[in-house]
Amino acid sequence: MTTTVVAGRYTLETEVGRGGMGAVWRGRDDVLGRTVALKRIGVAPGGITPDAVRAEREAKLAARLNHANVVAVFDLVSEGDVQWLVMEYVEGTDLGDLIKQRGRLSPDEAVPVLAQTARALAAAHGAGIVHRDVKPSNILVSPDGQVKLSDFGIARTSSDPALTQTGLVTGSPAYLSPEVASGQQATPASDVWSWGATLFHALEGHAPYQIGDNLLGALYRIVHEEPPRPAHAGWLTPLVEATMTRDPARRWSIATAEEFLDRGPREATVPVARPTTPVGPSAAARTRTYDDQGTSLLPLAAAPVGTPGPPPATAETRRPSARPGRRWLLVALAVLALAVVTTIAFVIGLGGDDGDGDGASTAPSGGTTAPPSSEAAQQPTAKGMEDFVRTYIDTVVSDPTSAFDLLTPAFQDKSNGLEAYEKFWGPVQSATIDSVSADPQTMRVSYTYTYRRGGDETTEDITLVLQFADGQYRIADEL
């Protein structure tokens, strides 16, 4: 039997899986004497393939994350026309296969898996990384219950120049957020939707959207229809609803989801969505830095599955259903737009690896300017201004570089630049908007928020002056 050694030190033992990028092998690092996983990525003669670029990106991004719930990347080596990504080997299976073997999970069984995944996402967002492809097959579960989030191959940092490309769908369709499915920029809020869709899959035994051969129809449903609701979520029902809400501005942050899980079925209440960290005096935003270890592991809840949970998410966390009776022309135009997006996605390569007909492309999506407000009108409105502030707050918690772009150049200077902006927000651990109101006539929006820094909790009133141009809001000043 021929033994294959890669780069003179990694001995291949057996193929353990295949994904959109290539085969994955269990192997041995002969230098350090440890078991590793090696992902094989082909390189076309005379050129670099998109998969090779993804592999290099995955290596660089994952190397930035030193977290117990993230698969570690050790090396990236070449052997002839093939690249190999050398990673931590995780004994066990992925969440998708686990559900296929055991059927749907009870809420108590799902919580430890999804809580650890949430901690991994919090660490990634804290490092300025949006994963973009959260789904069951990228969540590895070991026999002792340890969970690892893998495959940062299509992730991007907020400073990645590739983010300037627009109109491209990136990720696995069954778990795509509505904004990404329509070609907008992926944000931490998009990861939260995918995390919620993964929770739905774990609780129901199937993905929230069945893609099949009708990718266009599935994308249309994701973008335009209210998401499906689980029948077996028990006390986790509010969590699914608040993370799978179509408006990213009203979607819970991953920190709020963690807080909900940490409270458990008996003590959990629906927390105020923690879009967490408004502008402070003489500056525009603080960075929330996540602890690399996240919150403590949540033990299985003692309450039975049937124990009543907290009340369903309120209207504050859900976007109203789209108005019925739209003219057929608008529907046709929406379908045509999705067809264009879908065609582009297929051109750049959309390959599935999750068993649900979902796929992943290597193309980026969206631009570097912050997530769009939920108000697309060409005139400022109170709702648009309030939604913008909520979106801004959600963005600044996990991606301050993108949030800084929501300030006008003059207010960026007044905030003493990006470095001071980030330093100002750094010590803040959490914040909650208590109330918000806006006046389009004066372009002022006022809100009350409570933030925690160290062991101290402070409540303050803030008034911002917004600027509105080309359908986009920006922060022009703070009064």
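Here the structure is a predicted model, which means the values were calculated and not measured.
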Engineer: Under a 3.5 Å distance rule, please check whether His131 uses its side chain to pair with a backbone N or O of Ser150 as donor and acceptor.
Structural biologist: yes
Engineer: Would a distance-only check, ignoring hydrogens and angles, find a side-chain to backbone donor-acceptor pair under 3.5 Å from Asn138 to Asp133?
Structural biologist: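 Pair found, side chain donor or acceptor close to backbone of Asp133.
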Engineer: Please determine which of Asp461, Asp439, Thr463 meets the side-chain hydrogen bond (donor to acceptor under 3.5 Å, both in side chains) test together with Ser446.
Structural biologist: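 Running side-chain hydrogen bond (donor to acceptor under 3.5 Å, both in side chains) over Asp461, Asp439, Thr463 with Ser446 returns exactly one hit, Thr463.
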Engineer: Has the side chain of Arg474 got a donor or acceptor atom that lies under 3.5 Å from a matching backbone atom of Asp405?
Structural biologist: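 It does hold such a pair.
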Engineer: In terms of side-chain geometry, is the basic nitrogen of Glu179 or Arg251 positioned less than 4.0 Å from the acidic oxygen of its partner?
Structural biologist: yes
Engineer: Decide, yes or no, whether a salt bridge links Arg390 with Glu386 under the criterion of side-chain N to carboxylate O below 4.0 Å.
Structural biologist: no
Engineer: Check whether any side-chain heavy atom of Asn69 lies under 4.5 Å from a side-chain heavy atom of Gln146, and answer yes or no.
Structural biologist: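 Side-chain contact under 4.5 Å: yes.
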Engineer: Assign the ring pair Trp193 / Tyr209 to parallel, tilted or perpendicular, where the plane angle (0 to 90°) is split at 30° and 60°.
Structural biologist: parallel
Engineer: Does some side-chain heavy atom of Pro380 sit less than 4.5 Å from a side-chain heavy atom of Tyr473?
Structural biologist: yes
Engineer: Specify whether Trp235 and Phe260 have parallel, tilted or perpendicular ring planes, treating 30° as the upper limit for parallel and 60° as the lower limit for perpendicular.
Structural biologist: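 Parallel.
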Engineer: Please round to the nearest 0.5 Å and tell me the distance separating atom CG of Asp151 and atom CG of Asp94.
Structural biologist: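 Here the rounded value is 11.5 Å.
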Engineer: Picking from Val134, Val180, Thr198, what satisfies side chain to side chain contact (heavy atoms under 4.5 Å, CB included) with Tyr175?
Structural biologist: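 Per the side chain to side chain contact (heavy atoms under 4.5 Å, CB included) rule, the option paired with Tyr175 is Thr198, out of Val134, Val180, Thr198.
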Engineer: Any heavy-atom pair between the side chains of Tyr421 and Gln412 that's under 4.5 Å?
Structural biologist: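 A side-chain contact under 4.5 Å is absent here.
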Engineer: If we ignore hydrogens and angles and just use 3.5 Å, is the side chain of Ser415 paired with the main-chain N or O of Gly417 as donor and acceptor?
Structural biologist: no
Engineer: Whether the side chain of Asp191 engages the backbone of Arg132 through a donor-acceptor N/O pair (distance < 3.5 Å, no angle test) should be reported.
Structural biologist: yes
Engineer: Any side-chain heavy-atom pair from Leu464 and Arg444 closer than 4.5 angstrom?
Structural biologist: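 No. Closest side-chain heavy atoms not under 4.5 Å.
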